[in-house]
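Okay, structure first, notes after.
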Protein chains: 2
Amino acid sequence: MTQPGPARRSRANTDSRPASRIEQMCIERGLKMTGQRRIIARVLSESEDHPDVEELYRRAVALDADVSIATVYRTVRLLEEKGIVARRDFGEGRSRYDPTDRGQHHHLIDVDTGKVIEFEDEAHDALARDIAAKLGFELVDVRLQLFARRPEQKKPK
Amino acid sequence: MTQPGPARRSRANTDSRPASRIEQMCIERGLKMTGQRRIIARVLSESEDHPDVEELYRRAVALDADVSIATVYRTVRLLEEKGIVARRDFGEGRSRYDPTDRGQHHHLIDVDTGKVIEFEDEAHDALARDIAAKLGFELVDVRLQLFARRPEQKKPK
DNA sequence: GTAGGTGCAAATTGTTTGCACCAGG
DNA sequence: CCTGGTGCAAACAATTTGCACCTAC
């Protein structure tokens with residue numbers, strides 16, 4: 001199964017591909033860009049969901065075998081500290097991550113399937129701003145999670 | 001240090017104290033009320049914060065040594081399933097709990113001081129229900145966290 | 001060349017569970 | 001009684017970390 005792919009073991013900047021969105025942000029913040037970080041940055045740049053570390057690791061390995069899960073853990077932690085990715089906690093006992101440059105969005109978690117749906121809602125954002133103001137604060141960020149289930153129509157068990 | 005208190009090892013319903021708020025709810029739902037559950041129910045009834053399991057265990061032991069941490073875990077899980085307590089996740093790697101009958105409340109976190117302010121907002125809850133419905137779901141629980149700061153009146157930095 | 005990054009495996013931490021025993025209804 | 005609850009310790013799962021080696025800058 002070891003496909004004789006040419007792009008394996010991408011040796012850092014020897015790699016010709018252009019910097020990914022996240023890699024660019026890393027560079028701007030002066031982070032040392034190793035091959036592994038470049039791969040993880042690419043995976044994050046290309047993901048449109050909320051992968052957990054295990055999943056990021058899987059995707060990273062698919063691009064380049066030279067990544068260990070420990071490094072994925074270390075990297076997402078670093079990126080979170082730098083404000084490049086956001087850590088999400090959907091109460092599953094592990095964290096999920098997504099790039100912060102994807103914009104403000106909220107989540108609806110299907111409590112039965114664990115599926116996560118992203119959504120935006122201006123009315124809600126306005127209300128949130130309102131509530132903060134009422135408490136004497138200026139809103140910086142909102143984290144909203146709706147835990148819900150599909151109405152039981154014909155599947156009680 | 002073993003205070004010769006008289007109320008230790010409260011033997012189940014031999015205990016004369018009236019049922020706590022949470023205990024009452026347990027009884028209503030037909031849960032078998034053991035001495036341990038009674039203690040944990042009391043601890044939860046008396047708490048006004050968001051204790052984690054470790055903290056609940058500490059408080060429970062302070063009231064009655066006959067509680068193990070495993071039982072605290074099993075009990076909060078049971079109470080959560082019964083809708084008696086809510087599990088909170090502040091992204092610290094552990095869960096915190098609080099009685100649901102305290103009303104649906106949310107949190108505003110002061111990003112400068114880290115202080116957490118609790119608040120309720122019916123309009124918000126209604127809107128949340130609305131949003132879920134619009135997405136085809138039935139709301140089970142809402143988690144709202146507002147990250148905010150006091151308006152800069154005297155130099156942010 | 002050197003500070004810092006990485007892999008591996010062991011260590012931590014939060015939580016669950018198997019099993020023998022005990023208690024509530 | 002008999003089902004279900006409990007304590008203990010071992011099992012688990014997610015995440016962190018010590019250490020020797022390696023690499024970006």
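Of the residues near DNA chain C, B:Ile69 and B:Leu31, the one whose nearest nucleotide (by heavy atom distance) lies more toward the 5' end is B:Ile69. Place B:Lys32 and B:Tyr73 on DNA chain C by their nearest nucleotides, and B:Tyr73 ends up nearer the 5' end.
One can find a donor-acceptor pair under 3.5 Å joining the base of D:dG7 and the side-chain atoms of B:Arg74. Donor-acceptor pairing under 3.5 Å, judged by distance alone, is absent between the side chain of A:Arg94 and the base of C:dG14.
Using modelled atom types, one side-chain atom of B:Arg21 and one backbone atom of B:Ser45 make a donor-acceptor pair closer than 3.5 Å. Without hydrogens or angle criteria, A:Arg87 side chain to A:Glu80 main chain gives no donor-acceptor distance under 3.5 Å. At least one donor-acceptor pair closer than 3.5 Å links the side chain of A:Arg37 to the backbone N or O of A:Lys32.
Backbone-only engagement by B:Arg37 is indicated by non-hydrogen atom pairs under 4.0 Å involving sugar-phosphate atoms exclusively. Within the 4.0 angstrom heavy-atom criterion, only backbone atoms of the sugar-phosphate kind lie near B:Arg77; the bases stay farther away.
Between C:dG18, C:dG5, C:dG7, one nucleotide has an atom nearer to the side chain of A:Thr34 than all others, and that is C:dG5. With D:dT6, D:dT15, D:dT3 as the candidates, the nucleotide lying closest to the side chain of B:Thr71 is D:dT6. Taking every side-chain heavy atom of A:Ser68 into account, C:dG7 is the closest of D:dG7, C:dG7, C:dA23. Of the listed nucleotides (D:dT3, C:dC8, D:dT15), D:dT15 has the atom at the smallest distance from the side chain of A:Val53. Taking only side-chain atoms of A:Met33, from C-beta outward, the nucleotide of D:dC25, D:dT6, C:dT16 with the closest atom is D:dC25.
One interatomic measurement links the two molecules: CD of B:Glu54 to P of C:dT12, which rounds to 16 Å at whole-angstrom precision. Between the CD atom of B:Glu81 and the C1' atom of C:dT16 there is a distance of 13 Å, rounded to whole Å.
Over its full length, the helix from C:dG1-D:dC25 to C:dG25-D:dC1 turns its helical axis through 40°, comparing axes from the five pairs at each end and rounding to 10°.
Here B:Thr75 does not reach the OP1 or OP2 of D:dG5: none of its side-chain N or O atoms lies under 4.0 Å away. In terms of phosphate contacts, A:Gln36 brings a side-chain nitrogen or oxygen within less than 4.0 Å of OP1 or OP2 of C:dG7.
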How far apart are the C-alpha atoms of A:Asp98 and A:Arg88, what are their side-chain angles, what is the distance that settles it, and do they pass the salt bridge (charged side-chain N to carboxylate O under 4.0 Å, His left out) test?
CA-CA 8 Å; A:Asp98 60 85; A:Arg88 309 283 179 181; 2.8 Å; yes
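Of the candidates B:Asp52, B:Asp49, B:Asp64, B:Arg59 forms a salt bridge (charged side-chain N to carboxylate O under 4.0 Å, His left out) with just one, namely B:Asp49.
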